[in-house]
Amino acid sequence: MSHEKPTGEVVIAKGREAPLKRFHPWVYAGAVAEVRGSPEPGDIVDVVDSKGNFLGRGYYNPNSQIRVRILTFIVERVNEDFWAERLRRAAGARRPLEGKTTAFRLVNSESDGIPGLIVDRYGDFLSFQALTLGIERRKRLLVELMAGIFSPAGIYERSDVGVRALEGLEPEKGHIFGDEPPPKLEIEEHGARFYVDIRGGHKTGFYLDQRENRALLQEIAAGKEVLDVFSYTGGFGVHAGLGGAKSVLFIEDSAKHLRWARDHLKLNGLEEIRAGFVAGNAFQELRRLYRERRQFDIVVLDPPKFARNAAEVEDALRGYKDINILGMRLLRKGGYLLTFSCSGHVTEELFLRAVTWAAMDVRREAVILKRLHQAQDHPVGLTFPEGAYLKGFLIQVF
Ligand code: SAH
């Protein structure tokens with residue numbers, strides 16, 4: 001495994017080479033004319049055009065719609081050194097974050113040159129996801145390399161995600177190396193402290209991608225009444241509190257995670273702040289607040305993914321429009337809306353359209369003050385636009 005030579009050649013159908021020539025790292029089943037040799041699932045293969053010219057080298061999965069994920073566009077060995085170099089490169093890119101946070105994404109899949117591998121650091125621990133068969137097969141090697149290069153106290157696997165089914169894989173999770181992570185691990189981001197449950201939290205434990213946007217809220221929150229919708233463990237609301245907010249109301253349908261939001265206020269010395277916690281469906285609760293004529297100075301809308309694929313985009317846009325209507329109605333004149341979409345299939349332009357429809361529907365004038373994206377430890381490969389999934393806007397609503 002450590003001196004892997006390609007065991008096959010995947011020939012691209014004539015006229016289907018363009019994405020690969022633009023260095024896009026996915027080879028779809030429909031673009032494959034022929035498979036030469038007899039590569040096993042997960043093996044390294046060369047991808048060539050119909051004349052036999054080399055296009056790229058990657059790992060193969062005959063059971064996925066993405067037949068090959070390209071690891072390199074040059075002829076080079078995909079051996080242990082290759083993986084180690086990619087991991088080191090990813091770690092180096094996170095150095096500017098030191099001092100700002102003790103938790104960050106170390107490896108962001110395609111955009112860090114390791115398709116299918118997500119690694120997040122939480123203090124001394126690593127939490128990772130193997131999303132593809134190619135990574136699953138090399139898990140042992142990658143864990144060994146991560147242990148050596150990143151020197152964590154322990155490594156925990158959170159491959160308990162549905163997308164693995166698209167690769168023919170079952171969900172998996174468990175403690176894999178070193179010490180077991182504590183049930184409540186403490187991290188710090190821009191001066192705010194949070195507990196993370198690596199074993200049972202959402203994603204790999206925390207929504208690291210929103211770090212910079214939470215810090216932005218802190219800057220504008222002084223003296224404001226803030227509504228943190230889809231709050232999870234209260235990340236936005238805590239930052240609002242640290243920024244001097246007058247009050248924070250959290251809405252989240254997971255009662256367990258909402259309890260953590262309360263703990264997080266305490267952990268940050270904010271037990272005196274006027275805070276409310278509503279466990280329930282955001283759509284219903286926002287309607288209720290409207291009926292009760294409640295008003296806020298800042299509303300944060302950070303919903304879960306509404307579209308999992310292209311077919312769901314239209315419904316998702318209706319969802320985004322609805323939730324933004326409900327959020328805008330609760331804003332005082334001149335108030336701020338921080339609104340997000342983490343659906344990769346909904347582009348920034350489409351999302352903005354949905355938000356615009358919402359403003360028209362409630363007959364409010366609104367301006368974009370800032371366009372928001374995922375934090376810089378979630379880089380986006382220039383030839384992999386799919387990597388840019390989180391988009392949002394800071395909007396002032398009159
Ligand atoms: N803002 C959070 C992350 C939010 S993720 C942070 O910064 O950490 C989206 C959250 O919405 C999840 O915690 C999920 O449990 C919750 N959620 C999903 N559907 C919901 C609904 N209909 N009503 C309320 N909360 C919901």
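Whatever order the structure lists them in is the order used to number ligands and atoms, beginning at 1.
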Report task. Mind checking salt bridge (charged side-chain N to carboxylate O under 4.0 Å, His left out) for Asp361 and listing every partner two or more places apart, or none if nothing turns up? Result -> Lys321
Atom pairs and distances, ligand 1 N/O vs protein N/O under 3.5 Å:
residue, atom, partner, partner atom, Å
ligand 1, 1 (N), Phe230, O, 3.2
ligand 1, 1 (N), Asp302, OD2, 2.7
ligand 1, 7 (O), Arg214, NH1, 2.8
ligand 1, 13 (O), Glu252, OE1, 2.8
ligand 1, 13 (O), Glu252, OE2, 3.3
ligand 1, 15 (O), Glu252, OE2, 2.6
ligand 1, 15 (O), Asp253, OD1, 3.3
ligand 1, 23 (N), Ala282, N, 2.8
ligand 1, 25 (N), Asp253, N, 3.2

Give every donor-acceptor pair under 3.5 Å between a side-chain atom in residues 386-397 and any protein atom, sequence neighbours left out.
residue, atom, partner, partner atom, Å
Glu386, OE1, His24, NE2, 3.1
Glu386, OE2, His24, NE2, 2.9
Tyr389, OH, Asp209, OD2, 2.8
Lys391, NZ, Ser343, O, 2.8
Lys391, NZ, Val346, O, 2.5
Lys391, NZ, Tyr389, O, 2.7
Gln396, NE2, Gly334, O, 3.0

Query - Phe194 and Phe206 aromatic ring geometry - parallel, tilted or perpendicular at 30°/60° bounds - result: tilted
Side-chain donor-acceptor pairs under 3.5 Å in residues 98-107, sequence neighbours left out?
residue, atom, partner, partner atom, Å
Thr101, OG1, Ala103, N, 3.0
Thr101, OG1, Ala103, O, 2.7
Thr101, OG1, Glu188, O, 3.4
Thr102, OG1, Glu188, N, 2.8
Arg105, NE, Asp120, OD1, 2.7
Arg105, NH2, Asp120, OD2, 3.0

Query raised in the report: When the ring planes of Tyr320 and Phe351 are compared, do they come out parallel, tilted or perpendicular, using 30° and 60° as the limits?
Result: perpendicular
Query raised in the report: In terms of the angle between their ring planes, are Phe23 and Phe73 parallel, tilted or perpendicular, with boundaries placed at 30° and 60°?
Result: tilted
